[in-house]
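Written below as structure tokens is the structure these notes are about.
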Amino acid sequence: MDVDAYLARLDLALPTTADLAALRQLQERHLERVPFENLSIHLGEPIELTEDALFDKIVHRRRGGFCYELNGLFTALLRELGFDAELRGAYVFDGEGVPGPPLDHAAVVVRLDGEQWLVDVGFGRFSRHPLRMSAVDVQTDPEGEFLFLDAPHGDLDVVLDGKPAYRLERRPRELSEFSPMAWWQSTSPASGFTGRLTCSRTTSQGRVTLSGHRLIETVDGVRHEVLLPDDTAIHTAYRVYFGLTLTRLPAPPDERTLTPSTPDPTMNPS
């Protein structure tokens, strides 16, 4: 991996030590600079879960991706920097608190100083800082209050502001193991990613999201929404807010086909 190019994408210098402070800075900067987006699905581009393909997309082409892509490549970067990092599978909870299918999400776990830390840069709204997995009390983060609870079969439920976000497996996974589920997420009409178009990232004051012609900014907890008038404005928003220069716009899904149960990928799965 060209670590210097990846760090340049994040506008970061090479960390001198693989410690918690460096891990926290890498996570924060990744969330700010690399958007959570599903544009490839609506551009007709394949999702290829190999390190070379992800590096080309995220670093060379300065795009983003969804969980398998973002956390997959971030894990590879952390390993190059000397961190003991691995991918874990997770079951994403729906609005009724029911866990979804296996490998519905890919998260990152880092072993550091005798502790395990959950580091996730591919779940839409989630923690900005590493979460200590052995903690029994609530951990406060700029995005909310997080709590780990024991789940069946040794798994861990990750709870955000009192609601379960996902159930994390204990065993490590290889990136290739997520390929079948990534294919389903990117092709099935039942997937929240085929049903909605989104591009989102954290900011110093909140979050900015572009969904079709809707530009949504949350600043200090206050939500502002603007309807962009035409394709030129949408192109400009992608460039200004996300650093994306697209040769063509993704085709937005027909909102009339959505059902009330369709999840919103800016807030929930992967």
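These numbers come from a predicted model, not from an experiment.
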Checklist outcome for this item: Minimal heavy-atom distance between Ser40 and Ile47, with the atoms involved, is CB-CD1, 3.8 Å
Checklist entry - Atom CG of Asp120 and atom OG of Ser127: how far apart are they, to the nearest 0.5 Å? => result 6.5 Å
Checklist entry - What pairs meet the ring pair (Phe, Tyr, Trp, His ring centres under 6.0 Å) rule with one or both residues in residues 150-186, with sequence neighbours excluded? => result Tyr68-Phe178, His105-Tyr166, Phe123-Tyr166, Phe126-Tyr166
Item to check | Donor-acceptor under 3.5 Å (Thr203 side chain, Gly206 main chain) | outcome: yes
Item to check | Polar contact flag, side-chain donor to acceptor under 3.5 angstrom, Arg196-Thr198 | outcome: no
Checklist entry - Honestly curious: do Leu112 and Val119 fall in one hydrophobic cluster under the side-chain, below-4.5 Å linking rule? => result yes
Item to check | Spacing of OG belonging to Ser186 relative to CZ belonging to Phe66, to within rounding of 0.5 Å | outcome: 5.5 Å
Checklist entry - Is Leu244 reachable from Leu228 through a run of hydrophobic residues whose side-chain heavy atoms are each under 4.5 Å from the next? => result yes
Checklist entry - Quick check: are there more than 12 heavy atoms from other residues, nucleotides or ligands sitting under 6.0 Å from CD of Glu174? => result no
Next on the checklist: What verdict does the side-chain hydrogen bond (donor to acceptor under 3.5 Å, both in side chains) test give for Thr202 and Arg128, after you've listed the backbone C-alpha separation in whole Å, the side-chain angles of each residue and the deciding distance to 0.1 Å?
Outcome noted: CA-CA 9 Å; Thr202 61; Arg128 298 194 187 194; 4.8 Å; no
Checklist entry - Are any non-hydrogen side-chain atoms of Leu54 and Leu175 less than 4.5 angstrom apart? => result yes
Next on the checklist: Which heavy atom of Pro99 sits nearest to which heavy atom of Tyr91, and what is that distance?
Outcome noted: CB-CB, 4.0 Å
Checklist outcome for this item: Heavy atoms of Leu160 and Gly144 approach each other most closely as CD1-CA, 4.0 Å
Checklist entry - Considering only heavy atoms from C-beta outward, does the side chain of Leu73 approach that of Glu51 to under 4.5 Å? => result yes
Checklist entry - Do the side chain of Ser211 and the main chain of Arg214 share a donor and acceptor less than 3.5 angstrom apart? => result no
Checklist entry - Do the side chain of Asn71 and the main chain of Val121 share a donor and acceptor less than 3.5 angstrom apart? => result yes
Checklist outcome for this item: Between the NE2 atom in His213 and the CG atom in Leu249, the distance rounded to the nearest 0.5 Å is 13.0 Å
Next on the checklist: For residues Val138 and Phe146: do they belong to one hydrophobic cluster (side chain heavy atoms under 4.5 Å, members Ile, Leu, Val, Met, Phe, Trp, Tyr)?
Outcome noted: no
Checklist entry - Are Phe148 and Leu118 close enough that some pair of their side-chain heavy atoms sits under 4.5 Å apart? => result yes
Checklist entry - Can you check side-chain hydrogen bond (donor to acceptor under 3.5 Å, both in side chains) on Glu115 and Ser134, steps first, answer last? => result CA-CA 7 Å; Glu115 295 276 4; Ser134 63; 2.6 Å; yes
Checklist entry - Can you hop from Leu12 to Leu14 via hydrophobic side chains spaced under 4.5 Å? => result yes
Next on the checklist: Using side-chain heavy atoms (C-beta onward) and a distance below 4.5 Å, is Val226 in contact with Glu217?
Outcome noted: no
Item to check | Chi angles and distances behind the side chain to side chain contact (heavy atoms under 4.5 Å, CB included) call for Asp150, Asp155 | outcome: CA-CA 6 Å; Asp150 290 335; Asp155 295 341; over 6 Å; no
Checklist outcome for this item: When rounded to the nearest 0.5 Å, the distance separating CD1 of Ile216 from CZ of Arg223 is 4.5 Å
Item to check | 4.5 Å side-chain heavy-atom contact, Asp230 and Thr232 | outcome: yes
Checklist entry - Would you say the side-chain atoms of Asp94 pair up with the backbone N or O of Val98, donor to acceptor, closer than 3.5 Å? => result yes
Checklist entry - Is a side-chain donor or acceptor of Thr194 paired with a backbone partner of Ser188 at a separation under 3.5 angstrom? => result yes
Item to check | Closest non-hydrogen atom pair between Ala106 and Cys67, with its separation | outcome: N-SG, 3.5 Å
Item to check | Residue pair Lys57 / Gly65: nearest heavy atoms and the distance that separates them | outcome: NZ-CA, 4.4 Å
Please tabulate, for side-chain N and O atoms in residues 78-90, each donor-acceptor pair with protein atoms closer than 3.5 Å (sequence neighbours left out).
| unit_1 | atom_1 | unit_2 | atom_2 | d |
| --- | --- | --- | --- | --- |
| Arg79 | NE | Ala85 | O | 2.8 |
| Arg79 | NH2 | Ala85 | O | 3.2 |
| Glu86 | OE1 | Arg111 | NH1 | 2.9 |
| Glu86 | OE2 | Arg88 | NE | 2.7 |
| Glu86 | OE2 | Arg88 | NH2 | 2.8 |
| Arg88 | NE | Arg170 | O | 3.2 |
| Arg88 | NH1 | Glu169 | O | 3.2 |
| Arg88 | NH1 | Arg170 | O | 3.3 |
| Arg88 | NH2 | Gln116 | OE1 | 2.7 |
| Arg88 | NH2 | Arg170 | O | 3.4 |

Next on the checklist: So Leu31 and Phe36, do their side chains get closer than 4.5 Å, heavy atoms only?
Outcome noted: no
Checklist entry - How far does CG of Leu246 sit from CG of Leu43, to the nearest 0.5 angstrom? => result 6.5 Å
Next on the checklist: Quick one, Pro152 and Arg167 - any side-chain contact, counting heavy atoms below 4.5 Å?
Outcome noted: yes
Checklist entry - So, Asp161 and Arg125, do they make that salt bridge, N to O below 4.0 Å? => result yes
Item to check | Hphob cluster co-occupancy, Leu147 + Trp117, side-chain heavy atoms under 4.5 angstrom | outcome: no
Quiz: residues 1-11 side-chain donor-acceptor pairs under 3.5 angstrom, not counting sequence neighbours:
| unit_1 | atom_1 | unit_2 | atom_2 | d |
| --- | --- | --- | --- | --- |
| Asp2 | OD1 | Asp4 | N | 3.4 |
| Asp2 | OD1 | Ala5 | N | 3.1 |
| Tyr6 | OH | His30 | NE2 | 2.9 |
| Arg9 | NE | Ile58 | O | 2.6 |
| Arg9 | NH1 | Arg33 | O | 3.1 |
| Arg9 | NH2 | Arg62 | O | 3.3 |
| Arg9 | NH2 | Arg63 | O | 2.9 |

Item to check | Side chains of Asn38 and Gln185, donor plus acceptor under 3.5 Å | outcome: no
Item to check | Test applied, side-chain hydrogen bond (donor to acceptor under 3.5 Å, both in side chains); reference residue, His129; option that passes from Glu28, Glu143, Gln139, Gln25 | outcome: Glu28
Item to check | Sidechain N-carboxylate O distance under 4.0 Å for Arg207, Glu32 | outcome: no
Item to check | Least distance between heavy atoms, Leu215 atom then Val208 atom | outcome: CD1-CG2, 4.0 Å
Item to check | Min side-chain heavy-atom separation Leu210-Leu197 under 4.5 Å | outcome: no
